[in-house]
Amino acid sequence: MAMFRKMKPPLAVSGGAVTLIGEGSVIEGDLYAPADLRVEGEVRGRLRSEGEVVVGERGYVRSDLHAAHVIIAGRVEGIVRAEGTVRITATGKLSGTILAGSLIIEQGAVFQGKSDMYGGKEALPLQEAKEKEDAALSCVVV
């Protein structure tokens, strides 16, 4: 009698396998994931995913983050761009700028920064959002 079955990797919302950055792992530099991505470790640099990015409760992201959707249960510092929804859970902390189609902040979450929503309309494509953010940053007087 077989006690163990061969397990398939979890499927992502986008249909592909989920990429996991495990607890204790540190990634520095640019990271691209063609499907969903879960961060339980630390990422420093630019992060881009065609799918959903989940920053787990133990995850820390200090970067420019681009994805279709973003869920923050850990800590994020930087610019978050999502074509769809950014959700900050009750355990999530975000310090930075959000450019997204919609924003959900659960009770207990921490958000310090600014946000730009596109109201129920379809969100700007990531390239347009980047251009808009770059234009806004170029207007900042120090």
Would you please test Leu94 and Arg75 for side-chain contact (heavy atoms from CB on, under 4.5 Å) and show each step? CA-CA 6 Å; Leu94 172 61; Arg75 273 185 359 186; over 6 Å; no
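A donor-acceptor pair under 3.5 Å is absent between the side-chain atoms of Asp116 and the main chain of Leu99, judged by distance alone. With hydrogens and angles ignored, the 3.5 Å screen pairs a side-chain donor or acceptor of His69 with a backbone N or O of Thr85. Remark: the backbone N or O of Arg46 is not paired with any side-chain donor or acceptor of Ser63 at under 3.5 angstrom.
Hydrophobic cluster membership differs between Ile71 and Met117, with clusters built from Ile, Leu, Val, Met, Phe, Trp and Tyr side chains linked at under 4.5 angstrom. Residue Val18 is not grouped with residue Val54 when hydrophobic side chains (ILVMFWY) are merged at heavy-atom distances under 4.5 angstrom, including chains of intermediate members. Placement of Leu20 and Val76 in two distinct hydrophobic clusters is found when ILVMFWY residues are connected by side-chain heavy-atom separations under 4.5 Å, directly or transitively.
Listed here is the closest heavy atom pair of Ala67 and Gly51: CB-O, 3.5 Å. Across all non-hydrogen atoms, the minimal contact from Ala100 to Gly84 is CB-O, 3.7 Å. In this structure, Ala35 and Ser49 approach most closely via the heavy-atom pair O-OG, 2.6 Å. Taking every heavy atom of both residues into account, Ala90 and Gln107 meet most closely at CB-O, 3.3 Å. Closest approach of Val80 to Val70, counting heavy atoms only: CG1-CG2, 4.0 Å.
One finds the CD1 atom of Ile98 at 4.0 Å from the CZ atom of Phe111 (value rounded to the nearest 0.5 Å). With rounding to the nearest 0.5 Å, the separation of CG in Leu37 from OG1 in Thr19 is 6.0 Å. The CD1 atom of Ile104 lies 12.0 Å from the CD1 atom of Ile72; values are rounded to the nearest 0.5 Å.
Between Val53 and Leu65 the shortest side-chain heavy-atom distance falls below 4.5 Å.
By the side chain to side chain donor-acceptor pair (under 3.5 Å) test, Arg87 is found to be paired with Glu106, residues two or more places apart in sequence or in another chain being considered. For Thr91, the side chain to side chain donor-acceptor pair (under 3.5 Å) partners are Thr89, not counting sequence neighbours.
Checking His66 against Arg48 by side-chain atom types alone, no donor-acceptor pair falls below 3.5 Å.
Residue Tyr60 is tested with Glu77, Lys93, Glu40 for a side-chain hydrogen bond (donor to acceptor under 3.5 Å, both in side chains); the sole match is Glu77.
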Side-chain donor-acceptor contacts of residues 21-34 below 3.5 Å, not counting sequence neighbours, with atom names and distances?
from  : atom 1 : to    : atom 2 : distance (Å)
Ser25 : OG     : Gly22 : O      : 3.2
Glu28 : OE2    : Arg44 : NH1    : 2.7

